[in-house]
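Heads up: the structure comes next, in structure tokens.
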Amino acid sequence: MLKEKVFLVLTPIRSTYPKNYEGTIIFLGNKDYDFLKKENPNAKIKKIKTLWIDKIKLKSDISYLSNFENTLFDQVIKILNKFFDVNYNTKYWSIFVRPTIFTILTVLYERWQTISFIKENYEITHCKFINIKDEDLIPCDVKDLDKKMYSQDFFNQYIFQKILENKEKKFEYIYNLNTSEKNIEIKKNLFFFYLKKIKLKNFFYLFKIIQNKLKNFILVKSIKGKNFTYISQYLDNKDLRDKLNSFFNQDNFIFEIKNAKSFSNVDKKSRNLLSKSFTFNGKNDFEKFIKKNLFNYLPKCFIENFKTIQKKSSHFVKNFKFNLGIITYDQVYSYNFSEMDWIAKNYMNGSKLILAQFGGGWLTPETGTISTMISKFNLNLLTFGIKNDVKQKHYGAGFFRFEKELNNFKKNGRILYALYTPYGYSGNVRSNAPISSEWISYMETHEKLIQNLDLKIQKEIILRPKKRLIDYYNYKDRLLKKFPNIEIDDYSKSLKERMRSSRLLIATNDTTTILEGLAINFPSILIYDLNKFRISPKYQEYYKNLQDAEIIFDTPERAKIHIENIFSDVESWWKNTNVQRAREEFCKKFAYHLDNQSNHFIDVMSKI
């Protein structure tokens with residue numbers, strides 16, 4: 001059977017678009033469809049979605065990648081030890097580089113699967129390639145990798161091109177295109193983001209900051225050469241920090257290491273040598289592709305700047321040793337590779353580590369990259385609920401991320417509509433959240449719901465899209481354009497502060513936001529399709545109970561009916577016995593605020 005001939009457009013980079021093409025165009029971009037259609041009015045344009053819309057396939061693929069990574073990781077640490085002339089054990093490399101390797105594998109495999117699907121079903125006759133040098137797009141560090149894989153078209157164009165070349169497909173090249181264009185835009189966005197964050201109300205406030213920094217510096221100096229307990233600076237619950245330091249008989253300080261700068265040029269010779277050092281034989285074309293290309297994607301902090309990091313962190317490694325470290329699981333994906341080197345070396349040399357939950361969503365999926373990586377660490381994990389899962393080494397320490405607050409529900413208050421600013425591409429993935437092209441449906445679903453709500457309800461809404469350093473879709477501008485008469489949050493207040501003048505919280509993803517609302521017993525709903533987004537079977541009952549209590553809604557239509565029904569009297573619905581029972585049981589497992597929260601955390605931690 002003859003395959004349909006297609007012009008393949010890999011990303012929404014307009015210089016790669018055809019013009020006045022009259023055949024079939026396959027478009028992998030998640031934005032700019034209208035412009036492509038305008039340039040090619042007579043073409044038939046097909047949009048290919050991520051294959052990981054199928055969560056059963058996602059589960060199978062993550063399982064395959066996990067097994068492959070086990071073999072690959074053993075090879076990588078042997079190569080890195082030999083190349084850098086060190087003898088660091090598995091514990092060190094697991095903390096320092098393993099999460100990044102698994103992320104890269106996931107990103108490449110998702111793109112690989114997309115290209116494989118197209119090749120199997122179509123004949124690619126045209127595709128414009130951009131002349132991109134490897135060294136132009138190799139990330140500086142993990143922060144840069146995240147930025148590129150989630151939001152940069154040139155980086156993803158580069159990945160797709162490499163995959164096609166590996167499959168012996170080469171096409172017309174576009175030369176002299178400025179591939180740093182996006183980076184300039186990103187740096188500009190970052191500048192204004194931080195500029196807006198600077199809000200020094202008065203000199204007294206500034207003086208207080210300097211005073212606290214100086215006091216902390218003196219306290220940290222006092223533990224030099226002594227063993228201590230390291231408490232992650234990301235655990236910013238002040239009451240908990242105070243009591244933890246008191247429990248461990250140490251001063252109330254915050255220990256943190258300033259990250260090293262990462263400006264070295266790409267060393268292609270070293271990267272080629274590392275690639276040639278792989279001895280494993282790939283079982284399939286993807287594994288052979290990884291063998292050839294992994295070190296073209298690993299950030300410079302792990303290769304070109306590795307020795308610099310070692311040198312700069314040697315002072316801390318020598319003088320600041322902890323017996324026990326309490327770190328958040330987000331921290332192992334930290335952008336601060338200098339600090340992670342120090343933590344990894346302490347762990348390598350016998351220090352004990354305990355992981356602490358930091359956000360919502362990553363523990364409950366049927367499958368996901370971060371939950372898979374956490375299981376590989378085989379460390380005890382302190383979770384936000386109060387129920388234990390000893391088999392998994394999960395211990396319920398309560399909702400320790402925040403100090404407990406009273407529910408300040410306001411009967412005639414606003415409706416806080418919390419939106420998750422979408423990613424342009426996939427990175428770390430989980431089965432209980434949108435992936436890649438699924439974000440388009442996410443945006444459209446909530447825009448449709450907001451448009452269809454009664455006008456008197458729309459007037460009470462505050463839209464609160466999640467803040468990001470890079471907004472791939474210009475989501476806030478999109479909301480402003482679609483809803484000029486609805487207030488969009490300016491972030492002058494925290495979520496909890498906003499709740500104090502609100503009657504209802506609408507959450508739209510399985511993240512910390514819904515946990516915050518439920519934990520303080522604030523009227524909250526979650527618009528979330530449990531048939532589309534897969535929760536781990538052992539947790540499904542908790543979510544189903546919330547659905548039965550009309551806290552979770554699987555369609556915007558059902559959510560609309562409920563919001564309009566309770567708008568004038570949210571309290572009666574929320575205080576219903578069945579609603580409160582479902583909320584209470586859910587919170588005991590996932591986000592429970594105790595009156596003696598900090599003491600409970602310490603009690604649980606001390607027993608493991």
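Since this is a predicted model, take the numbers as computed values, not measurements. Numbers for residues simply follow the sequence, beginning at 1.
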Start with the C-alpha distance between F253 and K215, add both sets of side-chain angles, then the distance that settles side-chain contact (heavy atoms from CB on, under 4.5 Å), and finish with yes or no. CA-CA 8 Å; F253 59 86; K215 180 182 177 182; over 6 Å; no

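- Nearest heavy-atom pair across G517 and L505 is CA-CD2, 4.0 Å.
- The environment of NZ in K387 is crowded: more than 12 heavy-atom neighbours from other residues, nucleotides or ligands sit within 6.0 Å.
- With F522 as the aromatic partner, R500 does not meet the cation-pi criteria of under 6.0 angstrom to the ring centre and within 45 degrees of the ring axis.
- With a 4.5 Å cut-off on side-chain heavy atoms, I327 and Y347 do not count as touching.
- T421 places a side-chain N or O within 3.5 Å of a backbone atom of K466 that can act as its donor or acceptor partner.
- For F590 and Y542, the gap between ring centers is short of 6.0 Å.
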Assess the residue pair Q250 and I231 against the criterion (side-chain contact (heavy atoms from CB on, under 4.5 Å)); give the C-alpha distance rounded to whole Å, side-chain angles, the decisive distance to 0.1 Å, and a yes or no. CA-CA 11 Å; Q250 60 190 29; I231 304 166; 4.2 Å; yes

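- Side-chain polar atoms of D490 and S492 form a donor-acceptor pair below 3.5 angstrom.
- We find the CZ-OG distance between F409 and S501 to be 12.0 Å, quoted to the nearest 0.5 Å.
- K345 and Q310 are linked by a side-chain donor-acceptor pair at a separation below 3.5 angstrom, with hydrogens and angles left out of the test.
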Let's go through Y329 and F377 carefully: what are the C-alpha distance in whole Å and the side-chain angles of both, what is the deciding distance for ring-ring contact (aromatic ring centres under 6.0 Å, His included) to 0.1 Å, and is it a yes or a no? CA-CA 10 Å; Y329 66 66; F377 291 142; over 10 Å; no

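- Of all heavy-atom pairs spanning L416 and S502, the tightest one is CB-OG, 4.2 Å.
- Contact annotation: the side chain of I95 approaches that of L353 to within less than 4.5 Å [non-hydrogen atoms, C-beta and beyond].
- Residues Y230 and N346 bring no donor and acceptor atom of their side chains to less than 3.5 Å of each other.
- For D489 and R498, the salt-bridge test passes: some basic side-chain N is under 4.0 Å from an acidic carboxylate O.
- Checking side-chain atoms of D471 against main-chain N and O of Y475 turns up a donor-acceptor pair under 3.5 Å.
- Heavy atoms only, all atoms of each residue included: N259 and F337 are closest at OD1-N, 3.3 Å.
- Judged by a 6.0 Å distance limit and a 45° cone about the ring axis, R98 is positioned over the six-membered ring of F73.
- The closest side-chain heavy-atom distance from Q597 to E403 is not below 4.5 Å.
- In this structure a side-chain-to-backbone donor-acceptor pair under 3.5 Å is present from S371 to G368.
- The shortest distance between side-chain heavy atoms of N509 and P434 falls below 4.5 Å.
- With Y395 as the aromatic partner, K607 does not meet the cation-pi criteria of under 6.0 angstrom to the ring centre and within 45 degrees of the ring axis.
- Note: C587 SG to L518 CG = 5.0 Å, rounded to the nearest 0.5 Å.
- Crowding of K538 atom NZ: a count of heavy atoms from other residues, nucleotides or ligands under 6.0 Å exceeding 12.
- Relative orientation of the F400 and F601 rings is perpendicular, given thresholds of 30° and 60° on the angle between their planes.
- At distances below 3.5 Å, at least one donor-acceptor pair connects side-chain atoms of N237 with backbone N or O atoms of L240.
- With S351 contributing its side chain and F322 its backbone, the two residues share a donor-acceptor pair below 3.5 Å.
- Note on ring orientation: taking the six-membered ring where Trp is involved, the planes of H315 and F320 are perpendicular (angle over 60°, cut-offs 30° and 60°).
- Ring centers of W439 and Y420: under 6.0 Å apart, within the cut-off.
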Using the side-chain contact (heavy atoms from CB on, under 4.5 Å) rule, take I602 and L244 through it: C-alpha gap first, then chi angles, then the decisive distance, then the call. CA-CA 7 Å; I602 291 169; L244 275 171; 3.8 Å; yes

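- Looking only at distances, no side-chain donor or acceptor of S63 sits under 3.5 Å from a matching main-chain atom of K59.
- Taken from CG in D74 to CD in E69, the straight-line distance is 8.5 Å, to the nearest 0.5 Å.
- A salt bridge does not link E541 to K544: none of the charged side-chain nitrogens sits closer than 4.0 Å to a carboxylate oxygen.
- Within the 4.5 Å cutoff, the side chain of I486 has no heavy atoms near those of the L479 side chain.
- For the residue pair N428 / T369, a side-chain donor-acceptor distance below 3.5 Å is found, with atom types taken as modelled.
- Taking the charged nitrogens against the carboxylate oxygens, E516 and R401 have no contact shorter than 4.0 Å, which rules out a salt bridge.
- Of all heavy-atom pairs spanning S232 and Q331, the tightest one is OG-OE1, 2.7 Å.
- Side-chain contact check for F255 versus L219: every heavy-atom pair is 4.5 Å or farther apart.
- Note that OG1 of T508 is 5.0 Å distant from CG of L419, once rounded to the nearest 0.5 Å.
- Atoms CZ and CG, from F586 and L526 in turn, are 8.0 Å apart once rounded to the nearest 0.5 Å.
- For the pair E571 and K411, the salt-bridge criterion is met [side-chain N within less than 4.0 Å of a carboxylate O].
- Taking both residues in full, the closest heavy atoms of I309 and C301 are given as CD1-O, 3.2 Å, listed atom of the first, atom of the second, then distance.
- Remark: the D146 side chain and the Y333 side chain contain no N/O donor-acceptor pair separated by less than 3.5 Å.
- With hydrogens and angles disregarded, no donor-acceptor distance shorter than 3.5 Å links the side chain of D510 to the backbone of G361.
- Between I514 and S524 the shortest side-chain heavy-atom distance falls below 4.5 Å.
- Not less than 6.0 angstrom separates the ring centroid of Y88 from the ring centroid of F96.
- The closest side-chain donor-acceptor pair between E584 and Y592 falls under 3.5 angstrom.
- Annotation: Y528 is in aromatic contact with F533 [ring centroid separation under 6.0 Å].
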Checking V332 against I374 for the side-chain contact (heavy atoms from CB on, under 4.5 Å) test, could you report, in this order, the C-alpha distance in whole Å, the side-chain angles of both residues, the deciding distance, and whether it holds? CA-CA 9 Å; V332 297; I374 289 171; over 6 Å; no

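- Atom OG in S94 sits 7.0 Å away from atom CD1 in I77 (nearest 0.5 Å).
- Here the side chain of R503 pairs a donor or acceptor atom with the backbone of F567 at under 3.5 angstrom.
- Side-chain N/O atoms of D341 and Y92 include a donor and acceptor closer than 3.5 Å.
- Within 6.0 Å of atom NZ in K532, more than 12 heavy atoms from other residues, nucleotides or ligands are found, so the atom counts as buried in its surroundings.
- Minimum interatomic distance between L530 and D554 (heavy atoms only, all atoms of both residues): N-CB, 4.4 Å.
- Side-chain contact between T367 and D61 is absent, with no heavy atoms from C-beta onward closer than 4.5 Å.
- The backbone N or O of K55 sits nowhere less than 3.5 Å from a side-chain atom of S431 that would complete a donor-acceptor pair.
- Of the listed residues (K589, R583, K588), just one forms a salt bridge (charged side-chain N to carboxylate O under 4.0 Å, His left out) with E585, and that residue is K588.
- Side-chain polar atoms of N521 and Q580 form a donor-acceptor pair below 3.5 angstrom.
- No donor-acceptor distance shorter than 3.5 angstrom exists from the side chain of T383 to the backbone of H394, with no hydrogens or angles considered.
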